[in-house]
Peer 1: 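Below is a structure I'd like to ask you about.
Just so it is clear, the model here is predicted, and its values are computed rather than measured. A, B, ... follow the sequence lines: proteins, then strands. Residue 1 opens every chain.
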Amino acid sequence: MPEGHSIHRLASQLSSVFGGQRLAASSPQGRFAAGAAGLNGRVLMGAAAHGKQLFVEFADAPHDSHTPPIFLRVHLGLYGAWSFGGDRSFMGASSIGAPRRVGEREIDGTPDAAYTGPPDPVGAVRLRLASDSGWADLRGPTACEVITGPERDAVIDRLGPDPLHDDTTGDDAARFTAGVRKSASPVGLLLMNQAVIAGVGNIYRAEALFRRKLNPRLPGKSVSAAEASALWQDIGQIMRDGVRDGRIITTLPVDRGSKATRVKREDAHYVYGRAGLPCRRCGTPVALADLAARKLYWCPDCQAQ
DNA sequence: CGACAATGTGTAA
DNA sequence: TACACCTTGTCGA
């Protein structure tokens with residue numbers, strides 16, 4: 001799926017194109033008809049991400065402080081995606097979510113100079129949001145529901161710290177470090193556990209462990225506090241890069257085959273999706289194994305321990 | 001056209 | 001550990 005960086009981009013996009021506006025909501029596919037009816041005609045107040053969870057806040061009126069807000073909770077799962085279109089105010093990504101091919105960039109949008117309204121829905125559109133100036137279509141989410149504020153808080157409480165949130169006090173880093181070091185589970189599993197760290201998926205898992213030279217099978221309790229902290233910092237850096245770029249690029253320029261400014265798809269990662277290909281650092285073939293029903297990639301030499 | 005894989009998670013056994 | 005979920009694109013027959 002879209003890992004945490006894509007969900008943060010989505011939250012920004014939804015806030016910037018729909019914030020403060022009264023929206024029409026519908027479910028062309030029909031599977032979210034009741035939920036869409038509950039959102040229809042409400043004002044989108046803002047959107048926020050926690051890990052891979054997206055929360056969109058709706059109010060009855062722009063400055064209504066009497067009626068409690070309601071929240072749309074969306075989890076894209078493995079293949080969910082949003083697409084956008086509209087006039088100049090819809091500049092930015094036109095598609096965020098599951099890519100056509102692994103490593104593909106999220107697609108840049110071109111504004112429609114003479115926007116007259118949303119197109120006929122293509123495929124299975126679970127939810128369509130539309131303002132006077134544009135539209136957003138949601139396809140294939142694992143979760144799509146309307147919930148209350150306390151229900152949203154309960155979802156967030158079950159999640160670990162999100163490395164894309166500001167961590168000015170260091171509390172989040174400390175929570176992550178403690179979560180790793182108290183567990184006998186392999187660190188490669190812990191990074192995929194959203195209660196330990198929210199937003200990391202299979203690509204960031206593989207790439208962060210390579211960059212820190214950590215063996216994915218190393219038990220969490222064997223990771224030093226200093227190394228856990230460095231891992232947290234590095235994940236934060238590569239995920240912030242992902243938010244900026246709209247794609248996951250974890251290689252340093254020195255480790256890429258091409259010197260081109262535009263990073264080629266095949267040069268974007270160290271180990272993810274590179275089973276059998278030579279490691280960019282040492283030339284050893286990248287290994288592949290199944291771990292908890294997910295593909296695990298690592299360099300047996302660079303990540304020997 | 002069918003089979004299959006894909007940045008994921010929840011449930012049952 | 002398996003598979004259900006349920007969407008899209010790709011690849012092979």
Side-chain angles (χ1 to χ4, degrees), chain A residues 1-11 27-32 49-54 73-83 93-107 121-128 136-145 154-156 158-160 162-164 185-186 188-211 216 235 238-251 263 265-266 268-275 288-298:
Chain A
M1 121 172 218
E3 302 193 22
H5 70 298
S6 289
I7 313 308
H8 281 259
R9 283 169 58 83
L10 266 175
S27 179
Q29 173 203 48
R31 289 193 53 196
F32 190 58
H50 193 113
K52 301 168 190 171
Q53 302 274 350
L54 173 70
R73 178 179 79 91
V74 172
H75 192 299
L76 292 179
L78 190 52
Y79 39 68
W82 288 82
S83 48
S94 73
S95 178
I96 301 177
R100 311 296 177 271
R101 294 177 299 278
V102 168
E104 187 180 38
R105 193 192 195 289
E106 283 161 6
I107 301 161
V122 176
V125 177
R126 185 82 57 89
L127 170 65
R128 166 169 284 182
D137 283 352
L138 170 64
R139 291 181 180 78
T142 280
C144 178
E145 61 175 354
V155 171
I156 293 174
R158 279 187 251 110
L159 296 170
D162 182 337
L164 289 174
S185 294
L189 266 188
L190 293 170
L191 289 187
M192 296 286 276
N193 182 343
Q194 302 299 299
V196 173
I197 180 170
V200 171
N202 207 7
I203 299 181
Y204 282 123
R205 179 256 299 259
E207 296 298 295
L209 291 174
F210 177 89
R211 285 165 57 103
I235 291 171
I238 57 182
M239 290 187 72
R240 283 189 294 275
D241 289 346
V243 172
R244 180 196 61 209
D245 299 336
R247 61 186 290 214
I248 301 175
I249 299 171
T250 57
T251 50
V263 178
R265 181 155 43 97
E266 60 267 31
H269 307 141
Y270 282 107
V271 289
Y272 179 84
R274 301 191 70 243
L288 169 63
D290 279 355
L291 179 64
R294 304 303 303 278
K295 300 293 187 194
L296 173 67
Y297 301 87
W298 79 102

Peer 1: On DNA chain B, check which nucleotide each of S6(A) and R158(A) is closest to and give me the residue with the more 5' one.
Peer 2: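 Looking at DNA chain B, the more 5' nearest nucleotide goes with S6(A).
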Peer 1: One pair to check against side chain to side chain contact (heavy atoms under 4.5 Å, CB included): H8(A) and M239(A). What are the steps and the verdict?
Peer 2: CA-CA 10 Å; H8(A) 281 259; M239(A) 290 187 72; over 6 Å; no
Peer 1: On DNA chain B, compare the nucleotides closest to Q53(A) and Y297(A); which residue's is nearer the 5' end?
Peer 2: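 Its nucleotide being nearer the 5' end, the pick is Y297(A).
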Peer 1: Give the rounded distance in Å between these two atoms: CG of L189(A) and C1' of dG8(B).
Peer 2: 14 Å
Peer 1: Would you please confirm or rule out a distance under 4.0 Å between OP1 or OP2 of dT9(B) and any side-chain N or O of H75(A)?
Peer 2: yes
Peer 1: Can you measure N193(A) atom CG to dG10(B) atom C1' for me and round it to whole angstrom units?
Peer 2: 14 Å
Peer 1: Mind listing the closest non-hydrogen atom pair of L54(A) and W82(A) along with its distance?
Peer 2: CD2-NE1, 4.0 Å
Peer 1: Compare the minimum distances between each of dG8(B), dC6(C), dT9(B) and the side chain of Y79(A), then state the nucleotide with the smallest one.
Peer 2: dC6(C)
Peer 1: What integer distance in Å separates H50(A):NE2 from dG8(B):P?
Peer 2: 16 Å
Peer 1: Which heavy atom in A49(A) sits nearest to a heavy atom in D162(A), and how many Å separate them?
Peer 2: O-OD2, 4.1 Å
Peer 1: Whole angstrom is fine here: how far is it from CD1 in I107(A) over to C1' in dG9(C)?
Peer 2: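 Answer to the nearest Å: 12 Å.
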Peer 1: Taking atom P in both dA5(B) and dA13(C), what distance in whole Å separates the two?
Peer 2: 15 Å
Peer 1: Please report the distance, rounded to the nearest Å, between CG in L296(A) and C1' in dT1(C).
Peer 2: 17 Å
Peer 1: Could you point out which residue of V122(A), L127(A), L76(A) forms a side chain to side chain contact (heavy atoms under 4.5 Å, CB included) with R139(A)?
Peer 2: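 So, applying the side chain to side chain contact (heavy atoms under 4.5 Å, CB included) to R139(A) and each of V122(A), L127(A), L76(A), only V122(A) qualifies.
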Peer 1: Can the ring centroids of Y297(A) and H269(A) be said to lie less than 6.0 angstrom from one another?
Peer 2: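 Ring centroids of Y297(A) and H269(A) are no less than 6.0 Å from each other.
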Peer 1: Nearest whole Å is fine: how far is dG8(B) C1' from L191(A) CG?
Peer 2: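 Whole-Å distance recorded here is 16 Å.
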Peer 1: When you compare dG10(B) with dT8(C), how far apart are their C1' atoms, in angstrom units rounded to a whole number?
Peer 2: 22 Å
Peer 1: Pick the P atom in dC6(C) and in dA12(B), then give their distance to the nearest Å.
Peer 2: 16 Å
Peer 1: Write down the distance between CZ (R294(A)) and C1' (dC3(C)), rounded to a whole number of angstrom.
Peer 2: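 Answer to the nearest Å: 14 Å.
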Peer 1: Round to the nearest Å and state the distance from H5(A) atom NE2 to dG8(B) atom P.
Peer 2: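 Roughly 11 Å, once rounded to whole Å.
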Peer 1: Between R139(A) and dC6(C), is there a contact of a side-chain N or O with OP1 or OP2 at under 4.0 Å?
Peer 2: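 No, because none of the side-chain N or O atoms of R139(A) sits under 4.0 Å from OP1 or OP2 of dC6(C).
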Peer 1: Mind checking if Q29(A) touches a base, just sugar-phosphate, or nothing, with heavy atoms under 4.0 Å?
Peer 2: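 It contacts sugar-phosphate atoms only.
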Peer 1: Please report the distance separating the P of dA13(B) from the corresponding atom of dC5(C), rounded so that it comes out in whole Å.
Peer 2: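 To the nearest whole Å, 14 Å.
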